[in-house]
Amino acid sequence: MRKIGVLAVQGDFAEHIQALSKLEVETEEVRLPEHLSDLDGLIIPGGESTSQSRLMEIYGLTTPVIESVGNGMPVWGTCAGMILLAGKLVEPHPVPLGLMDTKIQRNAYGRQVDSFETDVSVPCLSGGDFRAIFIRAPKVVSVGSGVEALSWSSDGDIFAVREGHMLATSFHPELTNDLRFHEYFVDMVNSS
Ligand code: GLN
């Protein structure tokens, strides 16, 4: 039985755990380095990337997460998680984990009132468009050649990226009842 951890220092980790439970996947709330030891995959949830970054540092999680993912543990970041996984940010804070070959801009679609929902096409998921919830969402400014776009708008904005065992979405599948992105990540974990 595979076990997926969800970084649980801040943000909407409970929603990810609920989605994984619906898929009958064993989960673990990750707050301390020892919680990473028997995991097959990790999710970094939506929330506030500066708070998550600071709390990860306080709990001694930053280096262990970088090492685990660097050693091949599948990871998925949603929204703030996409920011933390980035190679580079446009902003000086937080310092991202530097795991993906991406450059990301925080809050690129406006402030909280400008949060929005829209249907996006995700060709790798069967069953039609995905209802995407964007909350102070980051924008993918650029990606390296090893990064595959999984979803993009007609004007070229990228909403979801995959780089080998690493996945990131600028929106929040955990806030919908659509489990297809969670299934996609569970498949990544199962095939790793
Ligand atoms: N804007 C937030 C940040 O910079 C991310 C928002 C979210 O995760 N919904 O961390």
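In each ligand, atom 1 is the first atom listed, and ligand 1 is the first ligand listed. Remember, predicted model here, so these are calculated numbers, not experimental data. Sequence positions, counted from 1, serve as the residue numbers for this chain.
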S.K.: Does one side chain, of Ser153 or Asp155, offer a donor that lies under 3.5 Å from an acceptor on the other?
M.R.: yes
S.K.: Report yes or no: is the cationic atom of Arg131 (NZ for Lys, CZ for Arg) under 6.0 Å from the centre of the six-membered ring of Phe171, at an angle within 45° of the ring normal?
M.R.: no
S.K.: With a 4.0 Å cut-off on N to O distance, would you call Lys139 and Asp157 a salt bridge?
M.R.: yes
S.K.: Test: side chain to side chain donor-acceptor pair (under 3.5 Å). Region: residues 77-90. Which pairs qualify, not counting sequence neighbours?
M.R.: His16-Thr78, Thr78-Glu174
S.K.: Under 3.5 Å, which donor-acceptor pairs do the side chains of residues 36-44 form with other protein atoms, sequence neighbours left out?
M.R.:
| unit_1 | atom_1 | unit_2 | atom_2 | d |
| --- | --- | --- | --- | --- |
| Ser37 | OG | Glu34 | O | 2.9 |
| Asp38 | OD2 | Lys3 | NZ | 3.0 |
| Asp40 | OD2 | Lys3 | N | 2.8 |

S.K.: Run the side-chain donor-acceptor check on residues 91-103: report pairs under 3.5 Å with partners two or more places apart or on a different chain.
M.R.:
| unit_1 | atom_1 | unit_2 | atom_2 | d |
| --- | --- | --- | --- | --- |
| Glu91 | OE1 | Arg106 | N | 3.1 |
| Glu91 | OE2 | Arg106 | N | 3.2 |

S.K.: Heavy atoms under 4.0 Å from ligand 1: which residues qualify?
M.R.: Gly46, Gly47, Glu48, Ser49, Cys79, Ala80, Ile83, Arg106, Asn107, Ile135, Arg136, His172
